[in-house]
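All chains are named by letter (A, B, ...) in the order of the sequence lines, taking the proteins before the strands, and each is independently numbered beginning at 1.
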Number of protein chains: 2
Amino acid sequence: MRVKIGEEIKEMRAVWFEDGVVKLIDQRRLPSEFEIFEARTTEEVAYAIKEMVVRGAPAIGITAAYGMAQAWLQKRNEDEAFEILRNTRPTAHDLFYALEKMKMAIKNGEDAVKIAEKYAEDIIGRCEKIGEHGEKLIKDGYRILTHCNAGALAVGDWGTATAPIRKAHRKGKKIFVWVDETRPRLQGARLTAWEMVQEGIEHAIIADNAAGFFMQRGEVDMVIVGADRIASNGDVANKIGTYEKAIVAHENDIPFYVAAPISTFDFSLKSGDEIPIEERREEEVLFCRECRIAPQGSHARNPAFDVTPAGYIKGIITEMGVYKPTEIGKLKREIHG
Amino acid sequence: MRVKIGEEIKEMRAVWFEDGVVKLIDQRRLPSEFEIFEARTTEEVAYAIKEMVVRGAPAIGITAAYGMAQAWLQKRNEDEAFEILRNTRPTAHDLFYALEKMKMAIKNGEDAVKIAEKYAEDIIGRCEKIGEHGEKLIKDGYRILTHCNAGALAVGDWGTATAPIRKAHRKGKKIFVWVDETRPRLQGARLTAWEMVQEGIEHAIIADNAAGFFMQRGEVDMVIVGADRIASNGDVANKIGTYEKAIVAHENDIPFYVAAPISTFDFSLKSGDEIPIEERREEEVLFCRECRIAPQGSHARNPAFDVTPAGYIKGIITEMGVYKPTEIGKLKREIHG
């Protein structure tokens, strides 16, 4: 992804592995500060995942893979590293997928650094393919709504939901992006908007409450969101609020797409009911960045994800093409033969 | 409404008229500071409305009525005062309703202070009746979702959406309130939660994005919101986000009620399409209180209200009883004979 640092434009990734250190763009500080977080131990990698220095299912997966490679370099027991990295966040499927893959490779005596790098390249390559498939759905002049940040920061590069947007923009299509601010952590206003600025894509940030208003007025042509986990029946866990957007889009006949690599599918789950939903600290709601917005004496509830039933989803954009939720059985057979 | 000031509990209103001064609880500063704003001229009253020292359709109406009474005391031309107060906010019907009523009274040589006080008493009395009618809809154990602040602060006392909640609580029913934080101005997290704390009503603040999650899980038994303007066909303009909540409630078979006094009905409008929607400054979205949350180079769109089509509304709770949106013709005949 392009990052403007002063006058310079740099090609960067959200997370990379350098001299045994897992390096990450610190997503907690964007957009006001641009800083690199350096994780030198398994515990620091776990901290980065848990405290959301890095977030987004595929980027979490890559970070976990690098974390396992680092543990391997440091001759740390892979089962122990696995457990530390596993107990960070519960919803994103990529985390467990990457950890299992790395543990297996280490047990098989493979070079864990090479495997982790291959894992990262593979995911990013898959996301670029998501962009190529998804771009075909975007017509010239389209106004696309997205929720949260399923961008390059969430993946490493390209993004999932933003991959089709980047590809359409780079192909010269005139597009406009509605960026849901995405309370409580404001990944839309902070991160997706930041990516749009870096990339020069026309956009406007809106309060999450306003998405329906623009849909009702006919000012949204399609919705593309990412996913944290997809069940076999096509139910999708994604950032809290996705479920509402999907219903309102459905009610207004606006196509609602989910973009995700195969690593986000959890074929072991029959439906979204089985996806564990993380509930985070109430302070994320009671405070907006550093300011307390709620009265003393008030408490909050803070689920981080919700589950959108397959029926509201027009298609899932993967690296293998666009599938209807009802075609996931077919997709599974294509993968597993 | 009850307000705890230090150890003392005081009965207060959101706006009152004292020695020729319009006094208002400064709602921009709640919940972190409790301050009284004093408006001594028509321009200062207009400022209080425009800058949201006071907000909420009925409270805006009362403030405007006091503003006209003040202008009358100061021997200011009533047409000029009318114009200054009129050009503050475009959506709330009560503003125009109150101003017309006051101008007429002044032209008829009546005592404008008495008329304004009567107007305030009348509105607040009507809201108490809304509470009595609405309370019957609330069963013991109900978990009620509300959006924005249609509370005592928005009315003067009792509230519209919160009137049934207050009545149910004071009757000893065990209730729980889900408070949507209501970005961008956070009237839920700041004001409704503050009222709940003052009144001792159990509640939790949630990000606007999370309402659907709790509805889907069966943890919301009903929704009650206020209204800024209601058209003849039952379409309701209310705080941005109301439309989304109504759709998601409908999809989950959760009854969705609007609470408003008759002064909020605009029988001159056939449908919600005719209601003008205020778009406010983009800074309200780009900043969360004092902190900028968006990158430099990003812009925002900021509609303050949306229109919920009548079809999603189970009933409108008024001082005259609960009406289905399809019964508004009947309601109009009952009022106008």
Side-chain angles (χ1 to χ4, degrees), chain A residues 30-32 147 178-184 186 189-190 193-194 196-198 203-216 239-245 247-248 250-252 277 282 284-286 288-303 305-307 309, chain B residues 30-32 147 178-184 186 189-191 193-194 196-198 203-216 239-245 247-248 250-251 277 282 284-286 288-303 305-307 309:
Chain A
L30 286 177
S32 52
H147 190 68
W178 292 109
V179 178
D180 278 354
E181 64 173 2
T182 319
R183 279 281 290 158
L186 298 165
R190 296 195 300 110
W194 182 80
M196 294 298 113
V197 170
Q198 306 298 314
H203 66 284
I205 301 168
I206 54 174
D208 301 302
N209 281 324
F213 175 86
F214 291 108
M215 289 189 195
Q216 191 185 32
K239 179 54 54 199
I240 192 76
T242 303
Y243 168 64
E244 293 197 12
K245 304 309 151 193
I247 292 179
V248 181
H250 191 260
E251 201 75 3
N252 286 284
I277 299 295
E282 65 170 356
E284 292 185 354
V285 177
L286 298 174
C288 192
R289 309 218 72 178
E290 284 76 33
C291 349
R292 186 174 173 108
I293 55 175
Q296 297 300 329
S298 283
H299 290 280
R301 291 284 302 277
N302 184 23
F305 303 95
D306 57 27
V307 174
Chain B
L30 286 176
S32 52
H147 190 68
W178 293 108
V179 179
D180 279 354
E181 64 173 2
T182 319
R183 277 280 291 158
L186 299 164
R190 296 194 299 110
L191 307 178
W194 182 81
M196 296 297 112
V197 170
Q198 306 299 315
H203 66 285
I205 300 168
I206 54 174
D208 302 303
N209 281 324
F213 175 87
F214 291 108
M215 289 189 196
Q216 191 185 33
K239 180 54 55 198
I240 191 77
T242 303
Y243 168 62
E244 292 197 13
K245 305 309 151 192
I247 292 179
V248 180
H250 191 260
E251 201 75 4
I277 299 295
E282 66 169 357
E284 291 184 356
V285 177
L286 299 175
C288 193
R289 309 216 74 177
E290 283 78 31
C291 349
R292 186 174 172 108
I293 55 176
Q296 297 301 329
S298 283
H299 290 280
R301 290 285 303 275
N302 185 22
F305 303 95
D306 57 26
V307 173

| field | chain B contact via Phe305(A) - which portion, at a heavy-atom distance below 4.5 Å | value | backbone
| query | Ignoring hydrogens and geometry, is there a side-chain-to-backbone donor-acceptor pair from Glu244(B) to Gly212(A) under 3.5 Å? | reply | yes
| field | Contact class of Ile206(A) relative to chain B, heavy atoms under 4.5 angstrom | value | both
| said: Can you tell me which of Asn209(A), Ile205(A), Leu30(A) forms the most heavy-atom pairs within a distance under 4.5 Å of chain B? | reply: Asn209(A)
| message | Need one label for Val285(A): side chain, backbone, both or neither, based on atoms under 4.5 Å from any heavy atom in chain B. | response | both
| said: Is Gln296(A) in contact with chain B via its backbone, its side chain, both, or neither, using a 4.5 Å heavy-atom distance? | reply: backbone
| remark: Checked Glu181(A), His299(A), Arg301(A) vs chain B; the most non-hydrogen pairs under 4.5 Å come from Arg301(A)
| remark: Counting heavy-atom pairs under 4.5 angstrom with chain B, the leader among Asp306(A), Ile293(A), Val248(A) is Ile293(A)
| field | Distance, nearest 0.5 Å, that separates CD1 of Ile240(A) from CG of Asp208(B) | value | 11.0 Å
| Can you say whether Leu186(B) sits under 4.5 Å from chain A via the side chain, the backbone, both, or neither, judging by heavy atoms? | side chain
| Side chain, backbone, both or neither: which part of Pro184(A) has an atom under 4.5 Å from a heavy atom of chain B? | both
| Gln216(B) side-chain N/O to Val307(A) backbone N/O, donor-acceptor pair under 3.5 Å | yes
| Is it the side chain or the backbone of Asn302(B) that comes within 4.5 Å of chain A heavy atoms, both, or neither? | neither
| By a 4.5 Å heavy-atom criterion (distance strictly below it), what part of Ser32(A) contacts chain B: side chain, backbone, both, or neither? | neither
| remark: So, the part of Tyr243(B) with a heavy atom under 4.5 Å from chain A: the answer is side chain
| request: Sort Lys245(B) into side chain, backbone, both or neither according to what part of it lies under 4.5 angstrom from a heavy atom of chain A. | output: side chain
| message | Counting heavy-atom pairs closer than 4.5 Å to chain B, which one of Ala211(A), Pro303(A), Pro309(A) comes out on top? | response | Pro303(A)
| Between Arg183(A) and Cys288(A), is any pair of side-chain heavy atoms under 4.5 Å apart? | yes
| task | Measure distances from Glu251(B) to the heavy atoms of chain A and classify the residue's part below 4.5 Å as side chain, backbone, both or neither. | result | side chain
| field | chain A contact via Leu286(B) - which portion, at a heavy-atom distance below 4.5 Å | value | side chain
| message | Please check this pair: side chain of Arg190(B) against backbone of Ala193(B), looking for a donor-acceptor N/O pair closer than 3.5 Å. | response | no
| query | So which part of Ile277(B) gets closer than 4.5 Å to some heavy atom of chain A, the side chain, the backbone, both or neither? | reply | side chain
| query | For Glu282(B), is it the side chain, the backbone, both, or neither that has a heavy atom closer than 4.5 Å to a heavy atom of chain A? | reply | neither
